[in-house]
K.L.:
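The structure follows.
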There are 2 protein chains.
Amino acid sequence: MPVTVLLVDDEPLVRAGLRAVLEAQPDIEVVGEAADGAAVIPLVRQLRPHVVAMDVRMPLLDGIEATKAVLRTIPDPPKILVVTTFENDEYVYRALRAGADGFLLKRARPSEIVHAVRLVAEGETLLFPTAVRSLAAEYGNREARETLERAALTEREEVVLRLIARGLTNAEIAAQLYVGTETVKSHVSAVLAKLGARDRTQAVITAYESGFVSPA
Amino acid sequence: MPVTVLLVDDEPLVRAGLRAVLEAQPDIEVVGEAADGAAVIPLVRQLRPHVVAMDVRMPLLDGIEATKAVLRTIPDPPKILVVTTFENDEYVYRALRAGADGFLLKRARPSEIVHAVRLVAEGETLLFPTAVRSLAAEYGNREARETLERAALTEREEVVLRLIARGLTNAEIAAQLYVGTETVKSHVSAVLAKLGARDRTQAVITAYESGFVSPA
DNA sequence: CGGCGTCTCCCCCGTGCGGGGGAGACGATC
DNA sequence: GATCGTCTCCCCCGCACGGGGGAGACGCCG
């Protein structure tokens, strides 16, 4: 009985690549494809794959939300293998926190991809589940994350915070956004107030600690 | 033929615990112990263990340097399993970059510890070697790391940078260190100059990006 | 011994930063 | 139509910050 796989990625090319690699294995069968996270639930329900290979960054519903949705709504859910282009992608960590069972780089060698699919299918989630799982869990410590979630920053404020976290001054942010420095000051003040930060330095710290921005 | 293991940890209690857990397995044999990194090389040369379970934080020579030393000087080196108390320990990432084959939490369950030793002995380094290895490699991006290494901060400056990266003002740092604020200003200026940072905010960013401080 | 580096502290000075408060324009919502 | 949230911009003000330059004390090392 072969391992059945559902591919979820918004790029057809990536799906084709994965399909080619996986179908070459006699014990692995690709049973379906989806181009965005929203289509995953009905497909999983219908096809009941053993493994879902899911891109993290997708339009409509991203890999994190799709992972949560699958785990929440499907009884005896499939194993979820998160596929990403970049290592150290904060989305990957969020996906692991959301319950994904493993992650895979797009530029991995075919043998590694096949290996990964077989391993997650066997239930061997991660080499040291405790370590990696809690690594993911701790990544972005809880207080900082909650602070930032409760902050409920507006879109503009999020943009400003990202620029602050890249070390820009108010004047530089203003130039970047084509607005006046006074406007930036307003946003910065709002951000600081919402984060409970005294100055931009503390805001940057919160941004890193919460995983809002990630090193590297 | 059993798997032979060398234990390296400065705390006898931890060594005893690991020994107890591992010796309970018929196919695993603890062939030696060392209390610090400096003693590792001759012991490895003499005992030729399959696996070295090594603490990262040790006096004299830490786990990172010891790992490098073993890999550099021993032909056909043993597998190195890095042991740590905290997940998300930046030292662990450095050790993995240095060539360690896996990592293990001290609070892992005995079965997980045994499992980890068997897996690394079999050469199954990490579930997705590429992913995790490069995760470790990217952890702390190269430029930032090199900036910080080239910076060659003095001990005092490092301390000050850590406090800056915790969001303290100069006055607070001064209070913390029992020195005058003018002194702190001197150190801060030195840090900024060495890091090529314009202000403390950019210094914090460099600290995070380089892995000098880590989220969570 | 004389240098060198580190840590400590001092003064002057400009300015970017952040708080407080106010206000107009726009869109969504009720 | 009125209300609310968001984004935009303005003024005043105090201050922490950071640069420049100088200096004494200590320990290390050639």
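Numbers restart at 1 for each chain; the letters A, B, ... are given by sequence-line order, proteins then strands. Heavy atoms only: backbone and side chains are in, while hydrogens, waters and symmetry mates are out.
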K.L.:
Atom CG of A/L161 and atom P of D/dC7: how far apart are they, to the nearest Å?
P.N.:
14 Å
K.L.:
Can any side-chain N or O of A/D199 pair as donor or acceptor with the backbone N or O of A/Q202 at less than 3.5 Å?
P.N.:
yes
K.L.:
Using modelled atom types only, decide if a donor and an acceptor are shared between the side chain of B/R200 and the backbone of B/V188 within a distance under 3.5 Å.
P.N.:
no
K.L.:
State which of C/dC17, C/dC9, D/dC7 makes the closest approach to the side chain of A/T169.
P.N.:
C/dC17
K.L.:
Starting from C1' on D/dC7, measure out to NZ on A/K194 and report it in whole angstrom.
P.N.:
12 Å
K.L.:
Looking at A/N170, does any N or O in its side chain come under 4.0 Å of the phosphate oxygens OP1/OP2 on C/dG16?
P.N.:
no
K.L.:
How close or far is atom P of C/dC17 from atom CG of A/D199, stated in whole angstroms?
P.N.:
11 Å
K.L.:
The side chain of B/V179 lies closest to which of these nucleotides: D/dC9, C/dT8, C/dG16?
P.N.:
C/dT8
K.L.:
Among C/dC11, C/dC17, C/dT8, which is the nearest nucleotide to the side chain of B/R156?
P.N.:
C/dT8
K.L.:
How many whole angstroms separate atom CG of B/L168 from atom P of D/dA16?
P.N.:
15 Å
K.L.:
Would you say A/E209's side chain and A/T206's backbone share a donor-acceptor pair under 3.5 angstrom?
P.N.:
no
K.L.:
What's B/S186 touching, base or sugar-phosphate or nothing? Going by heavy atoms closer than 4.0 Å.
P.N.:
base
K.L.:
How many Å lie between CZ on A/R200 and P on C/dG19, as a whole number?
P.N.:
11 Å
K.L.:
Where the side chain of B/T154 is concerned, which of C/dC9, C/dT6, C/dC17 is the nearest nucleotide?
P.N.:
C/dT6
K.L.:
Between A/V188 and B/V184, who's closer to the 5' end of DNA chain C by nearest nucleotide?
P.N.:
B/V184
K.L.:
Calculate the interatomic distance between A/E155 atom CD and D/dG5 atom C1'; express it in whole Å.
P.N.:
14 Å
K.L.:
Within this structure, what is the CD-to-P distance between B/E182 and C/dC13, rounded to whole angstrom?
P.N.:
14 Å
K.L.:
Starting the side chain at C-beta, find the nucleotide from C/dG18, D/dC9, D/dC17 nearest to A/L192.
P.N.:
C/dG18
K.L.:
Return the value, rounded to whole Å, for the distance between atom NE2 of A/H187 and atom P of C/dG18.
P.N.:
15 Å
K.L.:
Does the side chain of B/L161 come within less than 4.5 Å of B/L163's, by heavy atoms?
P.N.:
no
K.L.:
Does the pair B/E172/B/R166 count as a salt bridge with the N-to-O cut at 4.0 Å?
P.N.:
no
K.L.:
Where the side chain of B/K185 is defined as all heavy atoms beyond and including C-beta, which of D/dC7, D/dG18, C/dC11 is the nearest nucleotide?
P.N.:
D/dG18
K.L.:
Is there a side-chain polar atom (N or O) of A/T183 under 4.0 Å from OP1 or OP2 of D/dC9?
P.N.:
yes
K.L.:
Where the side chain of A/S189 is defined as all heavy atoms beyond and including C-beta, which of C/dG18, D/dG18, D/dC11 is the nearest nucleotide?
P.N.:
C/dG18
